Undergrad: 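Please see the structure below; I have some questions.
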2 protein chains.
Amino acid sequence: MPKIVDHEKRKEHIAEAVWRLVRREGIEGASVRRVAEEAGLTLGALRHYFDAQNDLLAYAMRLLIRRVGARIDGLALTGQARADMELIIAQLAPLDQERLAEAEVWLAFAGKAVSDPAIRALSQEAHEALYDGFKRMIAALSERGLARPGIDTELEARLLHALVDGLVVHYTTYAEHLDPAGLMRIVSSHLDGLFRAD
Amino acid sequence: MPKIVDHEKRKEHIAEAVWRLVRREGIEGASVRRVAEEAGLTLGALRHYFDAQNDLLAYAMRLLIRRVGARIDGLALTGQARADMELIIAQLAPLDQERLAEAEVWLAFAGKAVSDPAIRALSQEAHEALYDGFKRMIAALSERGLARPGIDTELEARLLHALVDGLVVHYTTYAEHLDPAGLMRIVSSHLDGLFRAD
DNA sequence: CTTATTATAATACGATTGTATTATTAAAAA
DNA sequence: TTTTTAATAATACAATCGTATTATAATAAG
């Protein structure tokens, strides 16, 4: 066998080149040739890692989902429900350059999901995982008696999920005009209504 | 001069061809040749209406914004704040096939806005108009004493705006698995918290 | 009726696209 | 060391891309 460098590491390096191109020139700018150039490979070398452009784009999106998921899983949670919820939500929001980059790439893929079945399936997969996460968090609140009595768990989960994703869209598209801190203030304000009044 | 048919009507007809292509094959599928074919024109005829592809795409997005705006402006409002708010929000949501089509095209353009400055500017323009609308609605509630006391108008406007757009994204990307009626139930549930408790 | 203008059509240009093929290099396995 | 296999490179192909040019048809204005 050849090189010592891990095969998967190379694929991730290529996927990151896809991200940069998608941010700068849109998804249609992520042609196989441009990606190869951006990653410092020749066309043939790129083809060795990805048989088709579809695979390349799907992998780039999957890696994005995995990266965000890993950051959430690696979080040092406090055990305090309210703080932990905000901590998790903050990982999804474009609060710094790294997360803004992620959000931009995500938004570009979300747009392509309209017409591309493979991307759409990935999009839905991530959607469901996120919804389940929110649902579990809110159910946990109710079970521990922390939530405002009488709330509908699934409805509140969908509401919070939509609010977070909507804020991500707004603060990504409108990043030049909005203060990132405002995003978490809005989230916090909504969570106020979710918790039992003291 | 030639044909009796209005010049602007033709451009709208072409823009609608762009919408259909964007839905079916994504924005990169809206090449000038495909658009011409979809609209029943030759390449030269299309070029007579739009000098460049940029103009074509920008016009298609502008028309989309105008169509939604016109539908809202043409609404027969009841004068009842709560009902009118839901009526307006319903015009933005993918509740039927026509509005689902609009939402899909909007989402595709939102994705392109990441890398295309012209589309991004249009996106921001529509964003601001919508935000202002929500802000005025909520300010009107407060002035009429209908809103829950002590609310922050701008924060509540951003929150509602993000919630609505987030729901549009979710119910568009996830249309096969979600009941459109659920969207308005979630909106309604949020509005409950905005109005003064009786 | 002639002229000017708008609309449509046909064709061409260079560039870029995704994919495929073939050959060469290098590292691991036998 | 020989063999096998992963990796890279170079080149080619047909298709499509955005844009430009030129010519023709049709309608309105003079």
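Quantities reported herein were computed from a predicted structural model and do not represent experimental measurements. In what follows, every chain begins at residue 1, and chains take the letters A, B, ... in the order their sequences are listed.
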Undergrad: Whole angstrom is fine here: how far is it from NE2 in B:H48 over to P in C:dA7?
TA: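 The distance from NE2 of B:H48 to P of C:dA7 comes to 4 Å, rounded to the nearest Å.
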
Undergrad: Would you check if A:E28 and B:K112 make a side-chain contact, meaning some heavy-atom pair closer than 4.5 Å?
TA: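 The answer is yes, as the side chains (C-beta and beyond) meet within the 4.5 Å cut-off.
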
Undergrad: For the pair made of CD in A:E25 and C1' in C:dT17, what is the distance, rounded to whole Å?
TA: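 Distance, rounded to whole Å: 14 Å.
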
Undergrad: Do A:R82's NZ or CZ and the ring of A:F195 fall within the cation-pi criteria of under 6.0 Å and 45°?
TA: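 Output yes; distance and angle both within limits.
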
Undergrad: For A:L46 and C:dG18, give me the distance from atom CG to atom C1', rounded to whole Å.
TA: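 Result: 11 Å.
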
Undergrad: By nearest nucleotide on DNA chain D, pick out whichever of A:L43 and A:R47 is the more 5' one.
TA: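 Taking each residue's closest nucleotide, the earlier one in sequence belongs to A:R47.
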
Undergrad: Just the rounded figure in Å: distance from C1' of C:dT8 to OH of B:Y49.
TA: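 About 9 Å, once rounded to whole Å.
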
Undergrad: Whole angstrom is fine here: how far is it from NE2 in B:H7 over to P in D:dA26?
TA: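 B:H7 atom NE2 is separated from D:dA26 atom P by 20 Å.
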
Undergrad: Using a 4.0 Å heavy-atom cut-off, does A:T42 contact any base of the nucleic acid, only the sugar-phosphate backbone, or nothing at all?
TA: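 Base: the residue A:T42, judged by heavy atoms under 4.0 Å, touches a nucleobase.
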
Undergrad: I want to confirm an ordering. Mapping A:G29 and A:D51 to their closest nucleotides on DNA chain C, which one lands closer to the 5' end?
TA: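 Result of the comparison: A:G29.
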
Undergrad: Below the 4.0 Å mark, does D:dC17 have OP1 or OP2 next to a side-chain nitrogen or oxygen of B:S31?
TA: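 Indeed, a polar side-chain atom of B:S31 lies that close.
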
Undergrad: Check the orientation of A:H170 and B:H161. Use parallel for under 30°, tilted for 30 to 60°, and perpendicular for over 60°.
TA: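 The arrangement is tilted - the two ring planes meet at 30° to 60°.
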
Undergrad: Measure from CD on B:E28 to P on C:dT16 and round the result to the nearest Å.
TA: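 After rounding, the reported distance stands at 18 Å.
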
Undergrad: If you compare every side-chain N and O of B:R33 against the phosphate oxygens of C:dT11 (OP1, OP2), does one of them come in below 4.0 Å?
TA: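 Answer is no, no contact under 4.0 Å.
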
Undergrad: Within 45° of the six-membered ring axis of B:Y131 and under 6.0 Å from that ring's centre, is NZ or CZ of B:R158 located there?
TA: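 Flagged: B:R158 positioned over aromatic ring of B:Y131.
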
Undergrad: Provide, to the nearest angstrom, the distance between the CD atom belonging to A:E37 and the P atom belonging to C:dT16.
TA: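 Atom-to-atom, A:E37 to C:dT16, this comes out as 11 Å.
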
Undergrad: Starting from P on D:dT8, measure out to NZ on A:K11 and report it in whole angstrom.
TA: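 It is 13 Å, rounded to the nearest whole Å.
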
